[in-house]
Amino acid sequence: MTDALFPLAPDADDLLAGLNPPQREAVEYRGPALLIVAGAGSGKTRVLTHRIASLLRSREAWPSQILAITFTNKAAGEMRERVEQIVGDGARGMWISTFHSACVRILRREAEQFGFTKAFTIYDSGDSRALLKRLVKEREADAFGLTPAGVQSKISKLKNELADAESYARDANMSDPAERAFVEIFGDYQRELQKANAFDFDDLIGQTVFLFRAFPHVADVYRKRFRHVLVDEYQDTNHAQYQLIRELTRPVQTDVSSGGAAVLIPEADGASLTVVGDSDQSIYAFRGADIRNITEFERDFPGAKVVLLEQNYRSTQNILDAANSVIRNNFDRKDKKLWSDQGEGEKIVGFTGYSQHDEAQFVADEIDRLRRGGVDYQQMAVFYRTNSQSRALEEIFIRAAVPYKIMGGTKFYDRAEIKDALAYLVAVANPADEMAVRRILNRPRRGIGDVTETAIARFATDNGMSFRDALAHPAEIGLGPKLQKAIAQLDDVLREASGILVPASGEQPSPKAVTEGLRVLLDKSGYSDALRRSRDPQDEARVENLDELVAVTREFARNNPEGTIVDFLTEVALVSDTDDIDDASGAVSLMTLHTAKGLEFDAVFLTGVEEDLIPHRISAGEPGGPQEERRLFYVGITRARKRLYLSLAMTRAQFGEVSVAMPSRFLQEIPSTLVDWRQSPGDVNSRGGLQSRALNGRRTTGDRWGVKPLPAGGGLTPTSTAMDKFPGLVTNKMRDNGDLELAAGDRIRHDDFGEGRVDAVTGDGAKRIAHVRFDTAGSKKLLIKVAPITKL
DNA sequence: GCCAGTCTCATTTTT
DNA sequence: TGAGACTGGC
């Protein structure tokens, strides 16, 4: 069979060209279930896109029969692009999207089936927290120690497990007042969402599963449609997502029952399922990702084929050796070894700074050096564990004129003025969304405070109308003339915008509707004017941000000529700024380790490699926490193509207080032969103080980092790395008196000061300080955790 | 109802 | 440290 459009033979070849044997197998295997275990940098995107292309080319599937699910919008965009590169227009009609977008698409189509409308709002976590705040307050649940944030995360966890308020209540200890309050709030919350015609983030998945289970005929529509389901980053799926996949890949059954007898006959096999993932890169357990989804795939899908991709095309062998030797310490994993044929490459560079600024300075200097050596800024990235660590880096980078951009972090759509503007749009698109209407009620200031807001709400309840509709009856609410006028004006503006954005049925809104509607809302409500008149200098920036939002609507109209206000709001709710990573900007990327997943750079700086940061101290108490932290560290390492820097600081200022930082235990897991310590923890922290010789020396050297400082001991150990010089300085081996209990009256011995008596102990945790009077050396204050002391 | 100044409090990761 | 809650004066 030849086909003019799709000549089979040559194309099949070019899809396999350049692939190694396991990769080929992953592209070519056909069967009900396939698990591709793809180590970092093993070319999984390539495999996935070629697999899709191969299905299309061979006519095994129409584009519309393919559903590819990724974790981020960025990944979805990339995959689409790469598939289009291969098959061109033949990719049209495929669903390549995130879990959330796919579910929104389904829910919008089917919303009417279960009490929602197409125009439902998507609550982001800020929205749901705001709602919960109100509910917690109404129930006075703070008296039981419930906080909005705590309730939110608990609800989220439950939803990820597909539990609802009722099912949770069945097993909950209802004699505990806090539990009872929680159950009540959970119930309230769900009712409020329904009333507001809104889904929160977790609902998008959970309610889709619910929809499929409650309405099998609806599910069958999608089961018949999607014959090939492919899931990327499968190790990050949570239970709800797992169940969604299960529902989608169930066999289609036809109901031929007659006269009350239910008879189901199989109509078609379940869709073929391909999942790609790497359990070593599972770093989202904290928000419900269940690593078992991937580790038990073969049990879940008997007969599943498993393909292992272990050849790494990204990094040098040194980097991979480091990564392997770190991840090896996680005990419950299947052994998997990344290898590369790119040669050893450069050694990993280690550096210890005195402070985080010192560390940042090293990074800045080294970036500068790399740049001079021909590495582009956009090929360099700096990672850190927590967002707050970026500040020190930024300060130094600004001073050192290193161009940088922060990925993630404060989001455009999180700004108050943007949320206000969007609330205006939501109030028009989905008037049932009371939260949105309440939000804009007094923005700009209209003199409407708590009292008036409550009066409106009461009027609405009393008259069986929505909060939004109550705005149309200011005279009847019993308010002063000024307030009546203010409310009437708001009502007018919303009405006018509604005419533009949601025209009467049958009429097509103009492509410019969203832009125009937003303009009307901002201008006629007085919002823009209020900002422009303000003398707060920040308001100038806010005006600019709103202009930017208007520009976003224009861009949206260009890309989606048929796009409605609801489509626009969906996009805004689901697309974070992290997604539009501007690769051409010529700047160094700064981001958290989590954000780094899926990216790669020629040079990577992994900063803050300290205990309590990575592994983060909070993780210590969580089951599986330390292991997940190790995977996070592993993810960071494996982002690097050619150069990897590991840096830390000996002291770190946190919330205004300086504390001593210890090298991370993970450093010790890397063979010392792989690391070239420019300045090791030993150089900085040799006992005797933090103003070490190495640090002082550095300040006076012209080329600060060009020359490797001589190893201590006069260079008598030429092959040693600095790590050898300070046995006893890194974690296990590092002096760590940990939970050494000292109390006033105890006698201790200090390596340098001899014996003494403890007068008092102050502080707590790692910062406990012993006040000691030594027999010969006088009084000293010692940090109990690290001081070279023993109790007698 | 508004505002500005003070206070307290928690500080991980985010589709 | 810095964001949000709270308070008291207008």
Side-chain angles (χ1 to χ4, degrees), chain A residues 69-76 97-104 122 124-126 128-130 133 137 142 147-150 152-153 156 159-160 200-205 232-233 236-238 240-241 282-289 356 383-392 395 407-411 413-414 416 441-442 444-454 479-480 482-483 486 534-536 573-579 591-598 608 612-622 625 628-629 631-633 635-636 652-659:
Chain A
I69 299 181
T70 63
F71 230 65
T72 65
N73 293 294
K74 179 169 171 282
S97 68
T98 63
F99 272 104
H100 296 275
S101 315
C103 287
V104 169
I122 300 164
D124 67 20
S125 51
S128 51
R129 186 147 63 250
K133 202 166 147 191
K137 205 168 178 182
D142 49 338
T147 61
Q152 182 180 31
S153 90
S156 174
K159 286 187 174 180
N160 287 335
D200 69 16
F201 240 49
D202 302 310
D203 276 345
L204 295 178
I205 315 289
D232 193 14
E233 306 280 19
D236 285 333
T237 50
N238 61 35
Q241 289 160 338
S282 160
I283 55 174
Y284 284 110
F286 71 92
R287 64 171 196 219
Q356 71 264 48
F383 302 158
Y384 35 80
R385 176 66 230 270
T386 67
N387 279 309
S388 63
Q389 289 168 251
S390 71
R391 195 178 307 152
E395 285 169 17
M407 328 288 307
T410 325
K411 288 170 194 139
Y413 293 106
D414 279 348
L441 198 56
N442 199 33
R445 304 232 133 78
R446 298 183 172 93
I448 304 175
D450 256 0
V451 179
T452 313
E453 188 177 328
T454 312
L479 301 165
K482 246 186 168 162
L483 284 170
S534 155
R535 50 199 157 68
D536 184 341
L574 295 179
V575 177
S576 67
D577 327 301
T578 324
D579 294 323
M591 69 191 85
T592 65
L593 284 164
H594 283 86
T595 309
K597 195 170 79 157
D612 289 350
L613 227 36
I614 176 126
H616 197 278
R617 59 145 48 133
I618 292 174
S619 73
E622 290 161 2
E628 177 146 320
E629 297 286 308
R631 291 194 291 268
L632 192 53
F633 189 59
V635 165
R652 190 165 289 273
Q654 265 183 114
F655 358 106
E657 215 180 288
V658 179
S659 53

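Nothing here was measured: the structure is a model prediction, and the numbers come from that model. Reminder, nothing fancy here: chain letters follow the sequence lines and each chain counts from 1. Reckoned from all heavy atoms, side chains included, excluding hydrogens, waters and symmetry mates.
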Phosphate OP1/OP2 of [N]: any [X] side-chain N/O under 4.0 Å:
{"X": "A:Thr592", "N": "B:dT14", "answer": "yes"}
{"X": "A:Asn387", "N": "B:dT13", "answer": "yes"}
{"X": "A:Arg617", "N": "B:dT11", "answer": "no"}
{"X": "A:Ser388", "N": "B:dT12", "answer": "no"}

Indicate, with a heavy-atom threshold strictly under 4.0 Å, whether [X] touches base, sugar-phosphate, or nothing.
{"X": "A:His616", "answer": "sugar-phosphate"}
{"X": "A:Asn442", "answer": "sugar-phosphate"}
{"X": "A:Arg445", "answer": "sugar-phosphate"}
{"X": "A:Phe99", "answer": "nothing"}

- Determine, for nucleotides 1-7 of chain C in 5'-to-3' order, which nucleotides have protein heavy atoms under 4.0 Å from the base (write B), from only the sugar-phosphate (write S), or from neither (write -). BS--S--
- Query: Are A:Phe286 and the base of B:dT13 stacked, counting only ring centres nearer than 5.5 Å and planes tilted under 30°?
  - Reply: yes
Listed nucleotide nearest any side-chain atom of [X], set [options]:
{"X": "A:Ile618", "options": "B:dG1, B:dC2, B:dT12", "answer": "B:dT12"}
{"X": "A:Val451", "options": "B:dT13, B:dT14, B:dG1", "answer": "B:dG1"}
{"X": "A:Glu629", "options": "B:dG1, B:dT14, B:dT12", "answer": "B:dT12"}

- Rounded off to whole Å, could you give me the CZ-to-P distance for the A:Arg129 and B:dT14 pair?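 Rounded to the whole Å, the gap is 14 Å.
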- Assign the ring pair A:His594 / A:Tyr284 to parallel, tilted or perpendicular, where the plane angle (0 to 90°) is split at 30° and 60°.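 Taking A:Tyr284 first and then A:His594, their aromatic rings sit tilted (interplane angle of 30° to 60°).
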- Note on the structure: Per nearest nucleotide of DNA chain B, the residue lying toward the 5' end, A:Glu628 or A:Ile448, is A:Ile448
- Note on the structure: DNA chain B nearest-nucleotide lookup for A:Thr70 and A:Asp450: closer to the 5′ end is A:Asp450
- Query: In whole Å, what separates the P atom of C:dG4 from that of B:dT13?
  - Reply: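 That atom pair is separated by 15 Å.
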- Begin from the C-alpha positions of A:Asp612 and A:Arg652 and carry the test salt bridge (charged side-chain N to carboxylate O under 4.0 Å, His left out) through to its verdict. CA-CA 11 Å; A:Asp612 289 350; A:Arg652 190 165 289 273; over 6 Å; no
- Query: Do A:Gln152 and A:Ser125 get their side chains close enough for a donor-acceptor pair, meaning under 3.5 Å?
  - Reply: no
